[in-house]
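Written below as C-alpha cells is the structure these notes are about.
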Amino acid sequence: MTPREGLLVVLCAAVVAVPLLAPIASADDADTEKAIEKYRQMLKEDPWSNPGLLDADRGEALWATPRGPKNVSLEQCDLGKGPGVVDGAFAELPRYFADADKVLDLESRLVWCMEKLQGFEHAALVNKPHPAAGQPVKELGAIATWIATKSSGLKFAAKLDQPKEKETLALGAALFVRRSGPFDFACTTCHADSGRRIRLQGLPFLSSPEEARKVIGEWPAYRVSTTHVMTMQHRLYDCYWQMRMPELELGSDASIALITYLVKNADGGEISAPAIKR
Amino acid sequence: MRKRSFLLGTALIAAISPAIAQQKSVVDPARIDAMIKSAFPTAPADWQPRLLPDETMKQCSAYGNSPPKDVFAAIQAREKATIQYPADGKFLGDWKKGEALAQSGFGLRFTDYPPGNRVNGGNCYACHQITKQEVSYGTIGPSLLEYGKLRKFAEAEAKAAYEKTYNLHASFPCSLMPRFGANKVLTIEQIKEAVALLMSPDSPVNK
C-alpha cells in the first residue's frame, strides 16, 4: 500500500465515522476526532497528500486556461499587487480596488475578474457557487484555493487603511454582533468567548486576535466530513444556514465586510491554507 | 455545593454579557439592514422578517448584549408580555419527548423545507449539559444536570423553567438563548416536554 492509499483508507474511515446527522452524534465524535487527528499527523509527514492540494492544482490550471465568452485566461487579473501577480496576494486581501471602487475579498475579486476579463455573467458566477457534501469545490473555489496556497507561510498583512477599507471594517464589526432571525443569533452567539463548544465542536473566539490568528489562515480548508475544500465565503454561508438565515450571496457587501473584520482580527496570523478541518 | 455552583451558573448568564460587551456600534443601523437585505437576495417573502431584528434584538445588538438598566427593564417588560401559558395550567409534559427534542437540531434552516412530518427540535444539547448519559453536549449555556432535584421539584420552579424556555429575555435580557416560545420555534406542548425533562423526578436529568 502506498502512503497515498494508506491515507485514503484513513480518510474513508474518518468519513464513515462522521455521523451524517449532527443530532445523533455522541461518543462517535471522539473516535472521529481521533481518526482525523491521525489523518492530520499523516499529512504532516507527507504534506503533498492533502487532498485540498488537488483542488489547488486544478485552480492553477483554470487560472491559466482561456475561458468564458471572451476566451481569455485570468493571467491579467489584478489581485492587488499588479496584473497576474499571485504570490503573496492573498495575504494582503481584502483591499480596496479602484477599478471596482469597492473593497473585495479573494473570492469576490475573482468573480470581478471572471466577469470583466472573461465575460462570464455575474449572476451565473454567484448562483449555487458552493459544492454539496461529497462534491469537489467548484471552479471559483479551486482557483481561490490555489491563490491562497501561494501565500502559505506568509502572515496576514491587509493594510486596511484606506477610507473605504476602514468603513468596510466598521460595517463588518457591526454585522458580527447583529442579532436577527428566529433564533436571535449573531456571530457573537458562538464566537464571543473562549473555550465554548457546540456539542463537542470547539468554537473560536473570533473577536480575539489571539484566537483569530490561529484559525482564519486555515481557510480555504479541506473538510473531512464533507470531503471537499470549503472556502471562507462558503464557511460564512454555512454559518448563516445554521443561524436560520437565508442563503448568503457570495461576494455580497455583508460577506466582504465580515471577512474584512475577521482578517483584521487575524492580522499577523500565519496562512496555512488549505488546512484540514473536521 | 452543587446548588451554589448552579446558582453561580445562573448569575453567570447575567454576568457573561459585560464580559463580551462590545463597544456601542457607531455604524448606522439602517445601512446594516440594507446590507443584510442585499446579502440574501433569494430570501422568499415569508422569510423577510428574519432579516430584520425586532426592538429587543436591536437593543441587544446595540449594547453588545449588555444593556443599561433602563433598557434592561424595558426588555424584561416587553418580553414578559409575550409569554403564553398552557391552557391546562400544567407545566410538565412527557420528559421522553423532551429528551428527543433536546437532541434534535431540526427545523427552520433553508434545507429543512418542506418539513414534512418532522417537527422542530430545541437542540438543547448543542449548548447545555443536561443528562449524564449524553456526553456530547455544548458549553455555551450552563449545565442543567439535576435541574429539578436542585430545586426540590417545586411547582413554582417548573413555571419559571417554562417561562425561561418560552422567552429567557423576560428574566435575562439579551441572553444568547433563542426565544423558543415567543419566536414559535417550539409549541407550548413541546416546551412542557422540555420542562418535564428538567423537572420530572423520573427524568434522567435528576437521576
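Predicted model, so just to flag it, every value in this text is computed and none were measured. Per chain, numbering begins at 1; letters A, B, ... match sequence-line order. Below, each value reflects all heavy atoms present in this structure, side chains not excepted, and no hydrogens, waters or symmetry copies.
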Could you tell me whether the side chain of [Y] reaches within less than 4.5 Å of the side chain of [X], counting heavy atoms only?
{"X": "Pro182(A)", "Y": "Lys184(B)", "result": "no"}
{"X": "Pro178(B)", "Y": "Phe185(A)", "result": "yes"}
{"X": "Pro246(A)", "Y": "Leu51(B)", "result": "yes"}
{"X": "Asn183(B)", "Y": "Phe183(A)", "result": "no"}

For [X] and [Y], work out which heavy atoms get closest and say how close.
{"X": "Cys127(B)", "Y": "Ile198(A)", "value": "SG-CD1, 4.1 Å"}
{"X": "Leu52(B)", "Y": "Ser180(A)", "value": "C-CB, 4.1 Å"}
{"X": "Thr42(B)", "Y": "Glu247(A)", "value": "OG1-CB, 4.0 Å"}
{"X": "Ile32(B)", "Y": "Ala174(A)", "value": "CD1-CB, 3.7 Å"}

Examine Tyr237(A) together with Phe110(B) and report whether their ring centres are nearer than 6.0 Å.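 Ring-ring flag for Tyr237(A)/Phe110(B): true, centres closer than 6.0 Å.
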
State whether Tyr137(B) and Arg197(A) meet the cation-pi test: NZ (Lys) or CZ (Arg) under 6.0 Å from the six-membered ring centroid, and within 45° of the perpendicular axis.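 Pair Arg197(A)/Tyr137(B) counts as cation-pi.
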
Separation between CG of Leu175(A) and CD1 of Ile36(B), rounded to the nearest 0.5 Å: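 It is 5.0 Å, given to the nearest 0.5 Å.
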
Please round to the nearest 0.5 Å and tell me the distance separating atom CE of Met35(B) and atom OG of Ser255(A).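 Rounded to the nearest 0.5 Å, the CE-OG separation comes out at 8.5 Å.
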
Chain A contact via Asp33(B) - side chain, backbone, both or neither, heavy atoms under 4.5 Å: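 Both parts, backbone and side chain.
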
Heavy-atom proximity to chain A below 4.5 Å, by part of Ala102(B):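 Looking at Ala102(B), just its backbone touches chain A.
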
Check residues 191-198 of chain B and write down every donor-acceptor pair under 3.5 Å in which the side-chain atom is one partner and the other belongs to a residue at least two apart or another chain.
| residue | atom | partner | partner atom | Å |
| --- | --- | --- | --- | --- |
| Lys192(B) | NZ | Asp88(B) | OD1 | 3.2 |
| Lys192(B) | NZ | Asp88(B) | OD2 | 2.9 |

Partner chain B: residue of Met245(A), Glu167(A), Arg179(A), Glu249(A) with the largest heavy-atom pair count (under 4.5 Å):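 Most heavy-atom pairs within the cutoff with chain B belong to Arg179(A).
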
Out of Asp253(A), Asp184(A), Leu203(A), which one racks up the most heavy-atom pairs below 4.5 Å with chain B?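 The answer is Asp184(A).
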
Non-hydrogen atoms of chain B under 4.5 Å away: do they reach the side chain of Leu250(A), the backbone, both or neither?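 When you check distances to chain B, no heavy atom of Leu250(A) falls under 4.5 Å.
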
Chain B contact via Ala257(A) - side chain, backbone, both or neither, heavy atoms under 4.5 Å: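 Ala257(A) touches chain B through side-chain heavy atoms alone.
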
Judged by atom type as modelled, is there a donor-acceptor pair below 3.5 Å linking the side chain of Thr189(A) to the main-chain atoms of Leu176(B)?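 No, the answer is negative, given that no donor and acceptor are paired below the 3.5 Å cut-off.
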
Got a donor-acceptor contact below 3.5 angstrom from the Arg244(A) side chain to the Gly107(B) backbone?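 Present.
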
Contacts with chain B made by residues 121-130 of chain A (heavy-atom distance under 4.5 Å), listed by residue number: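 Against chain B, none of the residues of residues 121-130 of chain A fall inside the cut-off of heavy atoms under 4.5 Å.
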
Of the listed residues (Pro44(B), Pro49(B), Pro29(B), Pro41(B)), which shares the most heavy-atom pairs with chain A below a 4.5 Å separation?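 Most pairs with chain A among the choices: Pro41(B).
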
